[in-house]
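Structure, as C-alpha cells:
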Amino acid sequence: MPSFFFHLSGANHLSGPICKATKGLMTLNLSRTLMSSKGVNAVAHALTLNKFMSTTLKTLNLAENSLRDDVSHLLRFLGQPNTVTHLDLSGTECNLDNLFLSLSTGCHSHLSHLNVSRNAFTARKKDTSPASTQPLKQFFTSARSLKSVDLSATKLSSDSLKSLLLGFASNAHLSDVKLNLSGNDFKSPHATQIMETCLPDIPCISSLDLSDCNLDHEFSVAVHAIARNSHLRELSLARNFQNIKPKNLPLLLKSLVHLIHDEDSKLLSLSLSECRLKTGAGLILSALGSNQYLKTIDICGNQITDSGARILAKALQVNARLDTLLLDNNSITHVGYQDLAWALEKNQSIRHIPYPVFDAAASMKVVPERFPAVFHEIEKLLWRNQEPQTKSNERMVRLKQGVAFSNSQQMVDQLICQVQDGIDTLKRCPQVDELDTSALEQEGMELVADADLFKQFLYTLHESTNKSAEYTEAVENLLAYFVAQLNQATDLQLRDAVEGMCIKAEEIYPHIFQRKKSFRGDLLASARIPQDYLTQLVMRQLGNEVEAKMSEVLLSASSRLSDRVLEDIIKSMSSCHNLLGTAIKLNSDWNNNAKTSLQRDGKSRRESANGANGTDGEANRRMFFSRKINLRPQSIAGNEADLLAIEEALRFDHMREVPPSPTEIPQEEPRNLHKLEHLNKHRPKPKRNRPITKLPGSGGKSVSTDDSALTVDDGLGTFFASAERAVSAANNRLSWNKSTDSAASHFPVLVASPTVSR
C-alpha cells in the first residue's frame, strides 16, 4: 500500500483486520505512507497478537516512514521467532543498534534481504567497548540465509565496520552475499587497515559496493587485499578518488591494474564511474587487453577523451572476455567512437554498449551528422556479436600470442642472451679438474632450447585443440539425441492436447464430427512441430553457442597454461644464470690461485739456483757491465796498432770495479742539441715610475700591502690604469728579444699587450 497517507487513526483501523486475519499475511507494504512511530507500533502490535503472522509473513516494507521515536512493538515482533525474508526499513531514522539487537534473536534464520540504508548508528564515538558493537557482530555471525545487505549512508564507524566484517568472516553458512556500504566515510587509516586485514578472508561476500566512501590513495593497500579474495565477483568504487593529488595517483593506478591482472582475483564486474581519473585511466584501459575474467566495466565520468578511447580500442582488439562496456560522459567525440568501431570489427565478445547520451549531445553540437553514423556502425557490430558464432576465433589467439610475446618474451630473450653468454664464457675458461661444469652447461643449453620453443607455444596449443575435434563431435551427438527426444516429447504433448480439444468439441457439436470423421485424424497429423525447426534451433543456435563457449574456455585455459610455463622458464633460467656466474667466478679464482702459486715456485727455484752459483753470476755481470758502449763502431780490420790498443784497454777494463747497477752506466749526450731554458726568466723587471694607485671603492683609504688582506680582484685597477705604460713595456720586450743570439731564435717569445677599454 505505498504512497498513501496514514494517520494514527488509519493505522488503528488497519491493525484490527491484521489482528483478526485467520490465514495471516505474506506481504505487508506500508512504505512512503508518512506513518508515525505510534502508527507503526499499532500495526506491529497487531502482528504480534496474530499467531499466524510469525509463520506466514515473508515481506515487511516500512521504508520512508518516521520511526525515530519509540517502536518497541516493532522491535518485539522482529525479536521473536518469525519467517520474514525481506525487511525494508530504509530512510526511517530508526535506531540501528536496537534493531540489530532484535534481529540477532528473531530474524537470523530466514532473513535473506535486509535494507536499513539512510539510517544511523547512534553509538558514541568515544564508546569503543566491544559491547557497543556486539549485536552487529552477533547478527551477522548467526545469520543463515542472508543474500543482500544494504548499509549505505548509515554513518558506519570503523569499529562497526570491524564487527560487521568479522561477523561475515566467522559465518560458515552464508554464500554469495551482496554487501552495500556506499555513502559511508572510510577515509580514516583505521578503516583502510580493517578492510586490508578482513576482506581477503571473507568467502561469503560476492558483491561489494564501496562507492562514494571518500576513499583516497591510502586505499591502494586495501585494493591489493581485495585482489586476494577469489570469491568476490562484483566491486564498485564509483565516485571516489576525486580529490586525490597527482603525485599519489600512480600508486592507486598500479593497485587497480594489479586488481585486474591478479590470478587470485576473479572479478566479473568493476565500476570506476565518476572517479575523474582523466589520463591516468589509460593504464587501467590498457590492462584490459590481458584480462581473463572481467566481463563488465563502468568507466563513465572519467574524462578519458579521444586519447583514452584510442587506448581502449587497442585493448579491445585482443580482449576476448569483456561483454559490457559503459563509457558515457568521458568527453569522447565521434573520432574516439570511430576508433572503437574499428576495434569492434576485430572483437567478437563485446555485446552491450549503452548509448552515450552526454557524449552524443556534446559531439552533435559540433558535428551533427557524424556521431549518429559512427554509433550506428557500433550498434551493427554489437548485433553481430550477439548472433551465435560458428567457429573459434583463431585471430584472437594470434593477437594474444603477440601480446604475450611483446610483454614477457622480452624478459625471456634477455635471459637467453645472458645464459648463452655465460655458457660461452665458461667454455673459454681453462678446464679445472676439481670443477666439473659440463652438466651445468648442458642444462643451460636445454633451457635456451625450451625458451626458443615457447615463442609459438600458445598457438601450438590452439592447433592441437583444433585438430582433436572429439569434444565437438560428442556435443553434436548429445544435441542430436536431445533433438530426437525433444521431438518425441513435443509430439506426444501436442497429440494429447489436440485429442482433448477434439473430444471437447465433439461433445459440444457432435453432428459436425459425425459428418467429417476424417477431420480428427488430419488435425492430429498436422499438430506437430517440424523436426527441421528443432534441429535448426538446437543444433545451429544452441550448438554454436556451446561451441563458442567451449572455445573461449579452451583459449583461457591455454593462456593460463602458457603463463605458468613462462613463469617456470623464467625462474629456471634466472637460477641457471646465477649458477653460471658463480661457476665462472670460482673458475677464475682457481686459475688465479694456481698461476700465483706457479709464479711463487718459479721465483723460489731461481733464487735457490742463484745462491748455488753466485760466483759465476757475479763474473758474468762484471763482464757485461765492463764493456764500453760505442754508439758508432768503426771498422778495425787491417789496422794492427789499433788491435794492440784494444787489447791493452780490455786488460785495463777487467781491473775496474763493477758498477752497482745498470742505471749508472755513463751515457753520451746527444750532440748538436741546445738545452731548453726560459729566456726571460732572469730578465730584470722595469722600475715603477709612479706609486700604486688607490683601488676604486676604497673610500679614500690607502691600500694595505699585507698579502693576507689582498683579495682576488686586487691590482686590476693598476693593471688597466695606464695604457701608454703597457704599450711601451711591450715595445721594450720586442726590441730586447731581437737582440738575443741566434740560438734563441728557435724559441720565440710572444707578448700580448692587454686590451685597453675606457
Side-chain angles (χ1 to χ4, degrees), residues 236-239 241-242 249 253 256-257 260 267-291 294-387 389 393 395-396 398-400 402-403 552:
S236 177
L237 300 176
R239 298 185 298 279
F241 320 119
Q242 296 181 355
L249 186 59
L253 295 176
L256 293 175
V257 171
I260 296 175
L267 275 181
L268 300 179
S269 176
L270 177 62
S271 176
L272 296 173
S273 63
E274 304 297 335
C275 289
R276 300 180 184 177
L277 298 177
K278 297 182 180 180
T279 56
L283 294 176
I284 301 174
L285 298 178
S286 61
L288 296 176
S290 56
N291 166 62
L294 203 61
K295 299 189 67 174
T296 303
I297 185 168
D298 185 0
I299 54 173
C300 296
N302 281 283
Q303 305 297 319
I304 64 174
T305 65
D306 290 340
S307 60
R310 189 172 298 109
I311 297 174
L312 177 61
K314 293 180 180 179
L316 292 181
Q317 293 182 19
V318 296
N319 185 288
R321 186 66 176 172
L322 207 59
D323 180 81
T324 304
L325 178 63
L326 296 90
L327 71 163
D328 193 11
N329 195 17
N330 275 307
S331 300
I332 303 177
T333 64
H334 66 281
V335 178
Y337 282 99
Q338 184 65 61
D339 293 336
L340 292 176
W342 290 336
L344 289 177
E345 292 179 357
K346 306 170 185 177
N347 183 294
Q348 297 183 1
S349 64
I350 296 289
R351 300 188 178 186
H352 305 284
I353 298 181
Y355 193 84
V357 179
F358 292 97
D359 290 341
S363 182
M364 291 176 67
K365 290 180 180 179
V366 182
V367 188
E369 67 280 357
R370 287 294 300 156
F371 191 90
V374 171
F375 202 81
H376 182 64
E377 295 179 9
I378 294 178
E379 289 178 338
K380 289 194 299 183
L381 294 171
L382 294 176
W383 180 255
R384 179 208 63 185
N385 294 345
Q386 293 176 6
E387 295 178 354
Q389 304 194 9
N393 195 353
R395 185 180 179 279
M396 193 63 63
R398 285 291 189 183
L399 289 173
K400 282 186 172 293
V403 172
E552 180 183 342

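Excluded from the calculations below are hydrogen atoms, water molecules and symmetry mates; all remaining heavy atoms, backbone and side chain alike, are included.
- Within a 6.0 Å radius of CZ in Arg321, more than 12 heavy atoms belonging to other residues, nucleotides or ligands are found.
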inquiry  = Run Asn291 and Ile297 through side-chain contact (heavy atoms from CB on, under 4.5 Å) and show every step you take.
reply    = CA-CA 11 Å; Asn291 166 62; Ile297 185 168; over 6 Å; no
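- For Gln386 against Arg351, the heavy-atom pair with the smallest separation is NE2-O, 3.0 Å.
- Counting heavy atoms from C-beta on, the side chains of Leu256 and Leu270 never come closer than 4.5 Å.
- Asp323 has its side chain within reach of His352: a pair of non-hydrogen atoms, C-beta onward, lies under 4.5 Å apart.
- Heavy-atom minimum distance, Cys275 versus Arg239: SG-N, 3.9 Å.
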message = Before you tell me yes or no, could you show the steps for Leu344 and Ile353 under side-chain contact (heavy atoms from CB on, under 4.5 Å), namely the whole-Å CA-CA distance, both residues' side-chain angles and the distance that decides it to 0.1 Å?
response = CA-CA 11 Å; Leu344 289 177; Ile353 298 181; 4.1 Å; yes
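- The two residues Asn330 and Gly301 make their nearest non-hydrogen contact at OD1-N, 3.7 Å.
- The closest donor-acceptor contact from the side chain of Asn385 to the backbone of Ile350 lies under 3.5 Å.
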task = Evaluate side-chain contact (heavy atoms from CB on, under 4.5 Å) for Thr333 paired with Val366, printing each intermediate quantity in order.
result = CA-CA 9 Å; Thr333 64; Val366 182; over 6 Å; no
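- Between the Gln242 side chain and the Glu274 main chain, a donor and an acceptor come within less than 3.5 Å of each other.
- Atom OG of Ser307 is separated from atom CG of Leu312 by 11.5 Å, given to the nearest 0.5 angstrom.
- Of all heavy-atom pairs spanning Arg384 and Glu345, the tightest one is NH1-O, 3.4 Å.
- Judged by distance alone, the side chain of Asn329 and the main-chain N or O of Cys300 form no donor-acceptor pair under 3.5 Å.
- Note that the CD atom of Glu369 and the CE atom of Met364 stand 9.5 Å from one another [nearest 0.5 Å].
- Between the CG atom of Leu277 and the CD1 atom of Ile304 there is a distance of 10.0 Å, given to the nearest 0.5 Å.
- When atom types are taken as modelled, the side chain of Asp306 and the backbone of Val335 share no donor-acceptor pair closer than 3.5 angstrom.
- Atom CD1 of Ile299 and atom CG of Leu326 lie 9.0 Å apart (nearest 0.5 Å).
- Within the 4.5 Å cutoff, the side chain of Ile260 has no heavy atoms near those of the Leu267 side chain.
- Here the side chain of Asn319 pairs a donor or acceptor atom with the backbone of Leu288 at under 3.5 angstrom.
- Under the salt bridge (charged side-chain N to carboxylate O under 4.0 Å, His left out) criterion, Asp328 pairs with no residue at all, not counting sequence neighbours.
- In this view, Tyr337 and Phe371 satisfy the ring-ring contact (aromatic ring centres under 6.0 Å, His included) rule, not counting sequence neighbours.
- Between Ser273 and Asn302 the shortest heavy-atom distance is CA-ND2, 4.2 Å.
- A side chain to side chain contact (heavy atoms under 4.5 Å, CB included) with Leu327 is found for exactly one of Asp298, Leu340, Asp359, namely Leu340.
- At least one donor-acceptor pair closer than 3.5 Å links the side chain of Ser286 to the backbone N or O of Gly282.
- The main-chain N or O of Gln317 is never found under 3.5 Å from a side-chain atom of Asn347 such that the two would form a donor-acceptor pair.
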task = For side-chain contact (heavy atoms from CB on, under 4.5 Å), just list the numbers for Lys295 and Thr324, CA-CA rounded to whole Å, side-chain angles, deciding distance to a tenth of an Å, and then say yes or no.
result = CA-CA 6 Å; Lys295 299 189 67 174; Thr324 304; over 6 Å; no
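- Smallest separation of non-hydrogen atoms from Asp339 and Ala313: O-CB, 3.5 Å.
- A distance of 8.5 Å separates OG1 of Thr305 from CD of Gln303, quoted to the nearest 0.5 Å.
- Summarising the geometry, atom OG belonging to Ser349 is positioned 7.5 Å from atom CG belonging to Leu316; distances are rounded to the nearest 0.5 Å.
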